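One structure is given below, encoded as structure tokens.
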Amino acid sequence: MIRAIYPGSFDPVTLGHMDIAERALCVADELVIGVLNNSKKTSLFSAEERVKMLQDTLGIKHSNIRVEAFTGLTVDFARKVNADIIIRGLRAVTDYEYELQMAQMNYKLLPDVETIFLMANIKYAFLSSSVIKEVALYGGDITNFVPPVVAERLREKF
Ligand code: PNS
């Protein structure tokens, strides 16, 4: 039984994140989505709100996906839930440097856990939570880029 974690900010979850999470089930039997609750980084949605949106989309759909908030290091979260692998998505070459650095540091800290990268579906390669928030802030249509529950929550926020 392979258990993976998929850590991230998910502020908010996009269709790109959902695609990576669902495709991660090709390599893992169980996926724990870890929502970073970072007191130093301001987020639009609280960790509880982000967890809830992920539960209402991916958690409801897949019995082998669960969602938890975490603080501190990703490797400590991986240890806590007994993960075998860490999943991260790569959209473009611009993601690579940061992701490589993180994966290498995580490997140094916890060599038993491998990071596996999944390439973003080309349909979603341009998507990021930041871009979604900016478009939503100025009243643009984001319904093709996020699940309906997130579109609704963004409408309420702005
Ligand atoms: O969705 P994001 O913001 O790209 O996710 C980044 C995240 C949460 C995976 C990364 O910031 C993280 O792992 N933070 C926890 C602290 C940590 O473990 N840092 C890695 C050591 S370099």
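Counting starts at 1 for both ligands and their atoms, in listed order. Given the structure is predicted, the values throughout are model-derived calculations rather than measurements.
- Atoms of ligand 1 lying under 4.0 Å from at least one heavy atom of G72, given by number and element, are 15 (C), 16 (C).
- Looking from atom 18 (O) of ligand 1 to the surrounding protein, the closest heavy atom is T74 N, 2.9 Å.
- Set against the non-hydrogen atoms of N106, the atoms of ligand 1 under 4.0 Å away are 20 (C), 21 (C).
- For H17 against V13, the heavy-atom pair with the smallest separation is ND1-CA, 3.5 Å.
- Listed by atom number, the atoms of ligand 1 under 4.0 Å from K41 heavy atoms are 3 (O).
- Nearest heavy atoms, V27 versus I2: O-CG2, 3.8 Å.
- Applying the 4.0 Å criterion to heavy atoms of Y98 picks out, from ligand 1, the atoms 6 (C), 10 (C), 11 (O).
- Few gaps surround CZ on F126; more than 12 heavy atoms of other groups in view lie less than 6.0 Å from it.
- Of all protein heavy atoms, the one lying nearest to atom 2 (P) of ligand 1 is S9 OG, 3.6 Å.
- Given atom 19 (N) of ligand 1, the protein heavy atom at minimum distance is L73 CD2, 4.3 Å.
- Within ligand 1, counting atoms from 1 as listed, the ones closer than 4.0 Å to a heavy atom of L36 are 8 (C), 14 (N).
- Nearest to atom 10 (C) of ligand 1 by heavy atom, out of K108, E99, M102, is M102.
- Closest to atom 9 (C) of ligand 1, if we only count protein heavy atoms, is R88 NH1, 3.4 Å.
- The two atoms that bring I65 and A21 nearest to each other are CD1-O, 4.4 Å, heavy atoms only.
- Between R50 and S43 the shortest heavy-atom distance is NH2-OG, 3.5 Å.
- Counting all heavy atoms, side chain and backbone alike, L44 lies closest to E49 at O-OE1, 4.3 Å.
- Between G72 and L36, the closest heavy-atom pair is O-CD1, 3.8 Å.
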